[in-house]
Every structure is written in structure tokens, then in C-alpha cells.
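This report concerns only the one structure given below.
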Amino acid sequence: MKQNPIPGKAALKIVVGSIMAAYGLTLAVYAGFGGATLAIFWQGMANMTRLTICGASFAVAVVMLVFVFFYDRRQIHIGTVIYQLFYSGFVEIFSWMHVYSESRIFNFIIMCAGIVVFSFGTGLYDSANLGCGSYEALTFALAEKNDWPVKYVRMVLDMLMVVLGVLCGGCFGACTIVTIIMAGPIIQWTVQKF
């Protein structure tokens, strides 16, 4: 991953992308159709340990970043820190803001829109080339080091997180399936366009 020569513009991409990703994730997850892929793994880890979901997500992020540090440390930069601060903070804020209808169909549409917003935001902050979140760093490290398409690496990682999460007691649902299908291609498209 080459470093972006315009730090101000890159920092703005990271901040806006992180906030969009946080908003999209909360829209999708709170619509009532199960968890997004990585969230299922966090739930499973929390079930198997004495950690909270927040603690499990932090522990998983640390393990992923340690792997990426040794496998392809170019993926880790100041953007990794900026992302984590904004994303985590705004997930907490947005989780209290959403209102859903009684219609399951309308809520399903909201969930799909949330996955699109999450994926676009993820691709936007990744396109800044100043580092990225732990899961995206793992995705791009594997894709770039092995010359594999990002969308397929993300889809395989999503499926792996779901399987491990479900085996550990996480909640599977329609949100999980739609995230596996949609997130990788949208992230790859956004990174290429921006």
C-alpha cells in the first residue's frame, strides 16, 4: 500500500469513512436480522471468555494487528489509530439514535442500506492509504501479499469469522449473509474509485 501524499485529505477520508462505517454497521446490526460477520465472532469470544463484547472486539483487533505487523506492517499507520478512535466512538453514539418500524420488510431494507453505507465507509477510509482498522488491515495484507482480489479475501474472512463465531455461540442471521455477499465487492469498488 503506497502512502498518500496529501495527509489532510487522507485524514478527512479516514474520519468520514470511519463515521460512515460506524453508522452503517449500527443501522445493519440493530435492524434485528442477526449480527454482521465480525460481530458474530466477538459475540462468540465473549461467550467463551469472561470478556464483554467490547473487550472481545479489542482482543480480536489486537491479535489481528499483531499478525499484520509481522506479515505486512505496511497496512498499519496513523490511520489505524484515527479509525479506531472515530469508529468505536461513533458506534456507541449511533447505537442509541436509530428508530425502526414494525415492518420487517422495511427493517430489512434499512439493514441492507446499512451494509452498503458500512462497506462504502470502510472502502473510503481504506483508500486514504494511511493504515486501516484491524480487520481491513488483515484483509489487505492477505490480498496484497498474495495478489488475491480484495473482494474474495474479504468474503472468505467473513465466512471464517461467522463459522468460528457460531461455533463459539454467536448469533447468525440474514445480516450475516448479506454482509458476506455485499461487503467485499463494495469495499473493493470504493478503494478503486476513491
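On a predicted model such as this, the values are computed, not experimentally measured, just so you know. For the numbers below, each heavy atom of this structure counts, side chains included, while hydrogens, waters and symmetry mates do not.
No continuous path of ILVMFWY side-chain contacts below 4.5 Å connects Trp96 to Val117, so the two sit in separate hydrophobic clusters. Under the 4.5 Å side-chain contact rule for hydrophobic residues, Ile19 and Val81 do not share a cluster. Leu51 and Phe41 sit in two unconnected hydrophobic clusters of ILVMFWY residues. Membership requires side-chain heavy atoms under 4.5 Å apart, directly or through other members. Hydrophobic cluster membership differs between Leu160 and Val163, with clusters built from Ile, Leu, Val, Met, Phe, Trp and Tyr side chains linked at under 4.5 angstrom. No single ILVMFWY cluster, assembled from side-chain heavy atoms under 4.5 Å apart, contains both Leu85 and Phe118.
The CE atom of Met155 lies 8.0 Å from the CD1 atom of Ile180; values are rounded to the nearest 0.5 Å. With rounding to the nearest 0.5 Å, the separation of CG in Leu65 from CD1 in Ile76 is 5.0 Å. Interatomic distance, Leu157 CG to Leu138 CG, rounded to the nearest 0.5 Å: 5.0 Å. The structure places OG of Ser18 at 8.0 Å from CD1 of Ile82, a figure rounded to the nearest 0.5 Å. Going from atom OG of Ser119 over to atom CG of Leu25 covers 10.0 Å, rounded to the nearest 0.5 Å. Separating the CD1 atom in Ile14 from the CG atom in Asn129 is a distance of 9.0 Å, to the nearest 0.5 Å.
When hydrophobic side chains of Ile, Leu, Val, Met, Phe, Trp and Tyr are connected at separations under 4.5 Å, Met48 ends up as a singleton with no cluster partners. Apart from Val63 itself, the hydrophobic cluster it occupies contains nothing, where clustering links Ile, Leu, Val, Met, Phe, Trp and Tyr at side-chain heavy-atom distances under 4.5 Å. Under the 4.5 angstrom side-chain criterion for Ile, Leu, Val, Met, Phe, Trp and Tyr, the cluster partners of Ile105 are Ile109.
Closest non-hydrogen pair, Trp148 versus Val153, comes out as CB-CG2, 3.7 Å. A pairwise comparison of heavy atoms in Leu130 and Ala11 identifies CD1-N, 4.3 Å as the closest pair. Nearest heavy atom pair, residue Cys175 against residue Gly34, reads CB-O, 3.5 Å.
Residues that satisfy the ring-ring contact (aromatic ring centres under 6.0 Å, His included) test with Tyr83, not counting sequence neighbours, are Tyr87, Tyr125. For Phe33, the ring-ring contact (aromatic ring centres under 6.0 Å, His included) criterion is met by Phe108, not counting sequence neighbours. Remark: Val16 engages Leu12, Met20, Leu124 in a side-chain contact (heavy atoms from CB on, under 4.5 Å) (not counting sequence neighbours). With sequence neighbours excluded, the residues forming a ring-ring contact (aromatic ring centres under 6.0 Å, His included) with Phe194 are Phe120, listed by chain and number. Thr26 is linked by a side-chain hydrogen bond (donor to acceptor under 3.5 Å, both in side chains) to His98, counting only residues two or more places apart in sequence or in another chain. With sequence neighbours excluded, the residues that form a side-chain hydrogen bond (donor to acceptor under 3.5 Å, both in side chains) with Tyr71 are Asn146.
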>> Is there a side-chain contact (heavy atoms from CB on, under 4.5 Å) between Met45 and Val60? Walk through the geometry before answering.
In response: CA-CA 9 Å; Met45 290 298 298; Val60 170; 4.2 Å; yes
>> Ser134 vs Val68, test: side-chain contact (heavy atoms from CB on, under 4.5 Å). Steps then yes/no.
In response: CA-CA 8 Å; Ser134 57; Val68 171; over 6 Å; no
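Under a 3.5 Å cut-off, the side chain of Asp72 and the backbone N or O of Leu142 do not form any donor-acceptor pair. Of the possible donor and acceptor atoms, none in the side chain of Thr139 sits under 3.5 Å from a partner among the backbone N and O of Arg154.
Side-chain contact annotation: Gln75 with Glu144, donor-acceptor N/O pair under 3.5 Å present.
In this structure, Tyr152 places its OH atom where only 12 or fewer heavy-atom neighbours from other residues, nucleotides or ligands lie under 6.0 Å away. Under a cut-off of 6.0 angstrom, the local environment of OH in Tyr23 is sparse, with at most 12 non-hydrogen atoms contributed by other residues, nucleotides or ligands.
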Residues 181-191, side-chain donor-acceptor partners within the protein, below 3.5 Å, at least two apart:
unit_1 : atom_1 : unit_2 : atom_2 : d
Gln188 : OE1    : Val150 : N      : 3.4
Gln188 : OE1    : Lys151 : N      : 2.8
Thr190 : OG1    : Ile186 : O      : 2.8

Acceptor/donor pairs from residues 165-172 side chains to any protein atom, 3.5 angstrom cut, sequence neighbours excluded:
none

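A 4.5 Å side-chain heavy-atom check between Met111 and Val178 finds at least one atom pair inside the cut-off.
Evaluation of the side-chain hydrogen bond (donor to acceptor under 3.5 Å, both in side chains) test over residues 28-48, restricted to residues two or more places apart or in two chains, returns Thr37-Asp158.
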